[in-house]
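Taking it in order: structure first as structure tokens, then the write-up.
Predicted model only: the values in this text are computed from it and were never measured. Just so you know, ligand 1 is whichever comes first in the structure, and atom 1 is the first atom listed for that ligand.
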Amino acid sequence: MIVMKFGGTSVENAKAIERAAAIVKGRLEQQPVVVVSAMAKVTDQLLAMARAAGSGDRKTALKLCRALQERHYNTAGELLGTALFTEFHSDLAADFENLEELLRGISAVGELTPRTTDYVAAFGEMLSSKIVTAAFAALGLASALVDSRDCIITDSTHMRAAPLFEETNGCLQARVAPLLAAGKVPVMGGFIGSSKAGITTTIGRGGSDYSAAIIGAGLDAGRIEIWTDVDGMMTTDPNLCADARRIKVISFDEAAELAYFGAKVLHPATVLPAVQKNIPVYVLNSRNPGCEGTRISARAPRCRNSFKAIAVKKRITIVDVAAPRMQLAHGFLRGIFETFDRHAVAVDVVSTSEVSVSLTVDSTESIPALAADLAKLADVKYEGRKAIVCLVGENLRETPGIAARVFGELADVKIRMISQGASEINLTFVIEEDVVPEVVRRLHKAFFSDLDAEVFA
Ligand code: ASP
Ligand code: MG
């Protein structure tokens with residue numbers, strides 16, 4: 001069997017769902033289990049109405065809810081035609097009645113807990129999986145809805161619940177495997193699950209990829225396909241560099257570094273359960289299904305090129321913390337990191353000298369308060385409008401002189417920080433934000449002009 005996961009944009013309207021159906025039809029022999037996200041933007045909207053209700057603004061919450069209802073009705077109507085939609089209508093209507101009641105309850109209490117948040121957020125995937133199941137059936141696929149809350153069993157950490165693999169695998173075998181054996185196409189919502197006590201949970205924003213991996217690992221899938229709206233992972237952001245090319249195959253570790261530094265396609269940590277079982281994961285484009293996409297493999301393929309990709313993260317602030325007298329005394333770093341932790345500010349790149357530490361953080365409103373707190377420990381300066389550039393490739397490990405080549409290309413560029421990651425597969429440095437396009441173009445020209453055809457498209 002295989003898992004085919006369709007993201008929000010791949011089920012965003014009737015056209016998209018029809019495209020998904022056609023793609024699934026082409027794979028029937030491989031026994032697909034289909035996992036769907038909520039329709040694009042729906043989770044954001046559900047969370048917005050939950051927050052409105054939580055702040056006592058019932059009117060706004062219900063208004064948002066009705067807009068959502070209309071969108072789902074319209075999509076279902078378009079896909080199913082009048083006769084089928086009439087049949088299906090009461091099912092959807094009941095869901096929206098429940099959602100409304102929930103929102104009224106939340107606004108009456110005026111408090112939104114993580115548990116209630118999950119209850120609201122789960123409607124997105126519940127609704128999309130129902131509509132997709134019905135649409136698939138109408139389009140001639142033998143689909144069968146599986147409520148993911150009966151299969152994905154998690155702990156009770158609401159809004160980022162951790163799956164309990166043993167229980168989950170048992171449920172998948174019991175509920176999904178028989179459907180496959182009967183020649184059905186099971187359709188499940190991603191992102192949602194339930195605790196052992198049966199309370200609805202969600203596994204974190206963007207969690208449908210994770211659901212796909214959990215399901216694939218639990219059912220021993222031959223492959224997992226993540227259907228999205230781009231052709232796969234690219235050597236760099238095509239908006240920055242028109243010469244960007246598709247990466248045909250990339251290792252899990254490389255993909256993880258790229259995701260950390262801003263590549264938005266897929267967070268590979270979410271497909272770890274699959275990679276650990278050596279199940280290949282593909283990123284594919286539902287608008288261009290003929291394209292072979294990007295394969296994420298457990299081990300790196302042989303590659304003639306030094307790097308697989310250049311990732312860039314903009315809107316970065318450098319924080320310099322200097323301890324003039326203490327000379328990085330014992331406990332100094334701990335004090336610094338504890339301060340970052342207290343302000344819930346995540347650090348990306350760190351470099352230290354004898355008397356100072358430089359750290360990069362995403363630019364946020366929290367920085368002035370953080371800096372004020374750090375100033376109790378040491379002298380603090382911070383400077384925004386920076387960018388992190390990250391070159392990623394497993395070959396970095398074995399290639400001497402590579403740093404010299406990289407920085408040789410950038411001899412006239414002011415480099416603010418440099419770090420070669422502990423993973424030894426990334427070379428990372430910090431520059432001024434306004435030179436990013438020029439730097440990326442130059443590096444791309446230097447390292448991606450002559451490409452290994454096995455690895456790059
Ligand atoms: N719908 C959820 C979200 O937007 C999960 C997902 O799309 O992966 O976070
Ligand atoms: Mg998504």
Side-chain angles (χ1 to χ4, degrees), residues 3-13 16-17 19-20 33-51 64-65 67-69 71-72 75 95-96 99 102 112 114-133 145-149 151-152 154 157-163 168 187-194 200-217 224-230 233 255-256 259 263-274 281-287 296:
V3 173
M4 304 176 75
K5 180 258 173 179
F6 292 89
T9 53
S10 300
V11 293
E12 66 184 346
N13 53 32
I17 293 172
R19 272 198 300 267
V33 170
V34 172
V35 177
V36 294
S37 286
M39 295 168 73
K41 307 240 160 60
V42 165
T43 307
D44 287 335
Q45 287 157 1
L46 285 164
L47 293 174
M49 62 187 86
R51 274 193 304 270
L64 288 168
C65 179
L68 202 70
Q69 179 168 9
R71 176 166 169 207
H72 283 87
T75 306
D95 284 334
F96 278 101
L99 177 57
L102 192 60
L112 181 66
R115 176 170 158 168
T116 346
T117 304
D118 275 353
Y119 213 94
V120 175
F123 274 87
E125 271 71 8
M126 255 162 57
L127 291 162
S128 66
S129 58
K130 276 188 188 175
I131 292 178
V132 166
T133 307
L145 179 67
V146 177
D147 190 331
S148 293
R149 293 169 302 177
C151 291
I152 308 295
T154 71
T157 319
H158 284 284
M159 299 175 76
R160 48 186 176 84
T168 299
V187 178
M188 307 175 66
F191 181 53
I192 61 178
S194 73
T200 298
T201 55
T202 64
I203 58 174
R205 290 307 306 272
S208 294
D209 296 334
Y210 194 24
S211 302
I214 295 165
I215 293 163
I224 293 175
E225 299 179 347
I226 306 289
W227 290 89
T228 171
D229 57 359
V230 293
M233 297 193 176
K264 284 172 223 78
V265 178
L266 167 75
H267 202 298
T270 61
V271 296
L272 191 59
V281 176
Y282 290 79
V283 177
L284 296 156
N285 187 353
S286 64
R287 293 169 207 269
I296 301 172

Looking only at distances, can you tell me whether any N or O atom of [X], backbone or side chain, sits closer than 3.5 Å to an N or O atom of ligand 1?
X: Lys5; value: no
X: Gly206; value: yes
X: Glu125; value: yes

Please could you name the atoms of ligand 1 that [X] approaches to less than 4.0 Å, counting only its heavy atoms?
X: Arg205; answer: 3 (C), 4 (O), 9 (O)
X: Ser37; answer: 6 (C), 7 (O), 8 (O)
X: Thr43; answer: 1 (N), 2 (C), 3 (C), 4 (O)
X: Phe191; answer: 2 (C), 5 (C)

- Keeping the roles fixed (side chain from Ser128, backbone from Ser37), state whether a donor-acceptor pair exists under 3.5 Å. yes
- Query: Does Thr202 reach the main-chain N or O of Phe191 with its side chain, forming a donor-acceptor pair under 3.5 Å?
  - Reply: no
With a 4.5 Å cut-off on side-chain heavy atoms, are [Y] and [X] touching?
X: Ile214; Y: Thr168; result: yes
X: Val33; Y: Met188; result: yes
X: Thr200; Y: Met126; result: no

- Member of Arg19, Arg287, Arg71, Lys41 meeting the salt bridge (charged side-chain N to carboxylate O under 4.0 Å, His left out) criterion with Glu12: Arg287
- Option whose closest heavy atom lies nearest to atom 6 (C) of ligand 1, chosen from Ser211, Ser208, Gly204: Ser208
- Message: Test salt bridge (Lys or Arg N to Asp or Glu O under 4.0 Å) on Lys5 and Glu125; report intermediate values, then the result.
- Response: CA-CA 12 Å; Lys5 180 258 173 179; Glu125 271 71 8; over 6 Å; no
- Gly207 near ligand 1 by a heavy-atom separation under 4.0 Å: yes
